[in-house]
J.: 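One structure is given below, represented as structure tokens, and several questions about it will come after.
Here is the naming used below: chain letters follow the sequence lines, and residue numbers restart at 1 for every chain.
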Amino acid sequence: MPDVATKLDDLIAARHLRRGDIPHNRKKEKKWSLDTLAGRLVEILSVAAPARLTAAFKVVRDAQRQSESTVWITTTNSSFFPPDAAEGGVDLDSMPVVRLPLVDDIPRAADTLIRSGAFGLVVMDLIGEVGRGAHIGRGAPARLTGLAKKHDTAIIVLTGDPRDSGRLGPLVSLRAETRRGNKSSSFRGGRRGVIEVHIIKDKLQAAGWRHTEPCCGPAGLR
Amino acid sequence: MDRLACVDVPSLALQILVRNHRDWSGRPTAVVSHDTPQGEILQINRIARRSGILPGQRYASALSLCPDLCAGTISIRTIDDVTGFIKTRLGRFTPDVEAGVDEPGVFWLNATGMGKIHSSPQKWAKAINDSLRKSGFESTVAVGFTRFGTYALARGERGEIVSINPEQEIASTRMTPLSMLGLPPTIRGDLGKLGVTTVGQLLALPASGLMERFGAQTHRLHEMANGNLWTPLQPDTVAEPIVQHTQLDLPDTNSERLGFLIKQMLNPMIRAVAARGEAITELEIKLTLDHAADVVERIRPAAPTLDELQIANLVRLRLESITLRAGVIEVALTARTVEATPGQLRLFSDHGRRDPVAADKAFARIRARYGHDSVVRAMLTEGHLPEAQFRWEQLGSSSSPKNRGDGETRNRKEALTLVRRIYTRPVPMNVRPVAGPNGVHLRGMEHEPVSNIVGPYIVSGGWWHKEIQREYHFAQTASGKILWVYYDKKRRRWFLQGEVD
């Protein structure tokens, strides 16, 4: 009796069939994590008690734990405070940072990096200068959306003024408003406070879901 | 009674050097910090010492005393590799082995019950020495009851030393010369002037004055000898080998079917190996035959690998070459592994499509457009001022994050830390805060007032260069922002350093 292959893997191993590029069937969880954001253009903003950097670094930490390459793009005027990021478990050695003179240069640099396909997470910190948002070209959101999908890269954009979010337009796949805990307990962050991520727009599932993440304040706020 | 043993491989770096250069046997030999004239002599053998060479001298000076000196460097990585090798060897004699952290070449072993396996603790100790000698290392083994006691005896004697009871160990330990315990020559000289040359004489000194007069190292030695720094044996856990086995419903002799079966078993096995950060150096295949002797085959890839296809091909070739006398009823796979390189882990990871070469090319384009300082990584530094606690270093080439794996829990912080934004140039604020109806306006009336403030956290220093005196505060505004501000006492002005975000 001839041998019969009983499994798809056997046929593929015997080279009778070839496995094509099957898109990764990502489980849609309502969780602020790299898995939820991969392949999407995501905007993080804050109206009060901001926690944008912290929320972004939560995703950076997730990405690093999954051995995904990350890159952070910011300006030379300001940046995240590296000791805080390191204290939160981020591996600074394996996170390149692109520092540019003008916040307007950030979208173009992001385009170059995402187009290489070499990164699973790209963070664009558009909160470059005090009180100044970035000028985002009209075609940039569409290009970035396409690149994110093509390379399965999560693109996180930190915007300052809520009015800036209009510049990213309707092509943002997920828009999150972040804040620290609730107002009454937010000042010290508590020994263990929280940050809240409220999803105000989500193209893949119903918006309105929230994610809460425990956190502690930096030295001096504990 | 619990027994402990200490194995001392003296001058480990020197022994490694001599082991690597067999032709240097019988010649003056030294380990140097750098293979340059300014390199420091670290360890020497007796022949070099007779020529007047001493540790601490410069390589050039040593060569002038002894032109025939054979010297070389030993990297920390080599020492770590050899330490691992010796630990594995010692693991044949006891399951619990702890390598000394501060002193390479010192190991502590759990000796409880081992004397019964080898008929006596003396024979057990001799077996250890013989085993290490066969590997090219001279060592001393001291079997006793305490960590410091066995350490001092191993450092002070040669061969095998067995303490019969704790009292004898204490008595022997007290007679150990301080010159054998790694104290710097200057400290030994100072103690010698007081007539203190042995452990017992050191213990007679009051502990309180030792730190001030002779430093932390001497104080620590005193505390260890007193038993105040006792710690239990902390052996490294031995990873269980990764094994996969499966039973067949019917005996099978078909090599192709067996190959498919083994390939299916390989996938979870390779994932488990990768999760440990390791790669496979050898795969042992044990085929249990129906009413016939087992067949054991070993597959060794050219280099440690996590490539399932490569291993499956090797398995297939091996199965095709063997003749099975009976049907196989059970298959067991055992993987021998070594630590994998980041490149191997990166290739294995689900996101192996992330090409680091493409990343480097993208960075090169950014550098070409914006300058070499545009692509950097953050390096933490020691400093008091916030801007001195890190620096930006040009990025050489991109690197993958360290593989953490699902089982990695060490140093895995769960709670986030609120991350601050820091302005490269602190933003000057009002010379004087303005009191408003809703709070203090640090940044002027056009900005929201501060409703709450915490601090000051005072940072001062640099008086020898440019004195800095800052009083840092965290100021909460009405909207919940937390501004990171400081008052510069020299300039008498408030500055905005950043904010919590």
J.: Measure the CG-CE distance between B:Leu395 and A:Met95 for me, rounded to the nearest 0.5 Å.
T.: 11.5 Å
J.: Treating B:Arg421 as the side-chain partner and A:Ile127 as the backbone partner, does any N or O pair qualify as donor plus acceptor under 3.5 Å?
T.: yes
J.: How close do A:Glu68 and B:Arg354 get, heavy atom to heavy atom, and via which atoms?
T.: OE1-NE, 3.1 Å
J.: Taking all atoms of both residues into account, what is the closest heavy-atom pair of B:Val500 and A:Arg180, and its distance?
T.: O-NH1, 4.1 Å
J.: Name the member of A:Thr76, A:Asp105, A:Leu158 that forms the most heavy-atom pairs with chain B at distances under 4.5 Å.
T.: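 Ranked by heavy-atom pairs under 4.5 Å with chain B, first place is A:Asp105.
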J.: Which pair of non-hydrogen atoms, one from B:Ser374 and one from A:Leu100, has the smallest distance, and what is that distance?
T.: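 Looking at all heavy atoms of both residues, the shortest contact is CB-CD2, 4.4 Å.
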J.: Look at the side chain of A:Thr54 and the backbone N and O of B:Val419, then say whether any donor-acceptor pair between them is shorter than 3.5 Å.
T.: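 Judged by distance alone, yes, a pair lies under 3.5 Å.
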J.: Tell me, for A:Thr178 versus chain B, whether the close heavy atoms (under 4.5 Å) come from the side chain, the backbone, both or neither.
T.: neither
J.: Taking all non-hydrogen atoms of both residues into account, name the closest pair between A:Asp84 and B:Thr417 and its distance.
T.: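 Answer, listing the atom of A:Asp84 first, then B:Thr417: O-CB, 3.9 Å.
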J.: With respect to chain B, which residue among A:Ala51, A:Ser79, A:Ala56, A:Ala109 yields the maximal number of heavy-atom pairs within a distance under 4.5 Å?
T.: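 Sorted descending by pairs with chain B, the first entry is A:Ser79.
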J.: If you compare all heavy atoms of B:Leu416 against all heavy atoms of A:Glu213, which two are closest, and at what distance to 0.1 Å?
T.: CD1-CG, 3.4 Å
J.: Within this structure, what is the CG-CZ distance for the pair B:Asp501 and A:Phe57, rounded to the nearest 0.5 Å?
T.: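 It is 10.5 Å, given to the nearest 0.5 Å.
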J.: The test is side-chain contact (heavy atoms from CB on, under 4.5 Å); show your working for A:Asp93 and B:Arg377 and say whether it passes.
T.: CA-CA 7 Å; A:Asp93 285 344; B:Arg377 71 176 101 204; 4.3 Å; yes
J.: What closest approach, in Å, do A:Ser78 and B:Thr424 show between heavy atoms, and which atom pair accounts for it?
T.: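 Smallest heavy-atom distance, with atoms named: N-OG1, 3.7 Å.
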J.: Report, one line per pair, each donor and acceptor closer than 3.5 Å where one atom sits in a side chain of residues 110-122 of chain A; sequence neighbours left out.
T.:
| residue | atom | partner | partner atom | Å |
| --- | --- | --- | --- | --- |
| A:Asp111 | OD1 | A:Arg115 | NE | 2.7 |
| A:Asp111 | OD1 | A:Arg115 | NH2 | 3.1 |
| A:Asp111 | OD2 | A:Arg115 | NH2 | 3.3 |
| A:Asp111 | OD2 | A:Arg143 | NE | 2.8 |
| A:Thr112 | OG1 | A:Arg108 | O | 3.3 |
| A:Ser116 | OG | A:Leu113 | O | 2.6 |
| A:Ser116 | OG | A:Ala118 | N | 3.2 |

J.: Can you tell which of A:Ile195, A:Val98, A:Thr153 has the highest number of heavy-atom pairs within less than 4.5 Å of chain B?
T.: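 Heavy-atom pair counts peak at A:Val98.
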J.: Select, from B:Arg369, B:Met379, B:Glu387, the one with the greatest count of heavy-atom pairs under 4.5 Å involving chain A.
T.: B:Arg369
J.: Do you know which of A:Ala55, A:Pro50, A:Pro83, A:Ala85 has the most heavy-atom pairs under 4.5 Å to chain B?
T.: A:Pro50
J.: Quick one: does B:Phe390's side chain get under 4.5 Å of A:Leu92's, heavy atoms only?
T.: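 With C-beta onward as the side chain, the pair stays apart.
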J.: Pick one of side chain, backbone, both or neither for B:Arg365, based on which atoms fall under 4.5 Å of a heavy atom in chain A.
T.: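 Side chain of B:Arg365 only, per the 4.5 Å heavy-atom cut-off to chain A.
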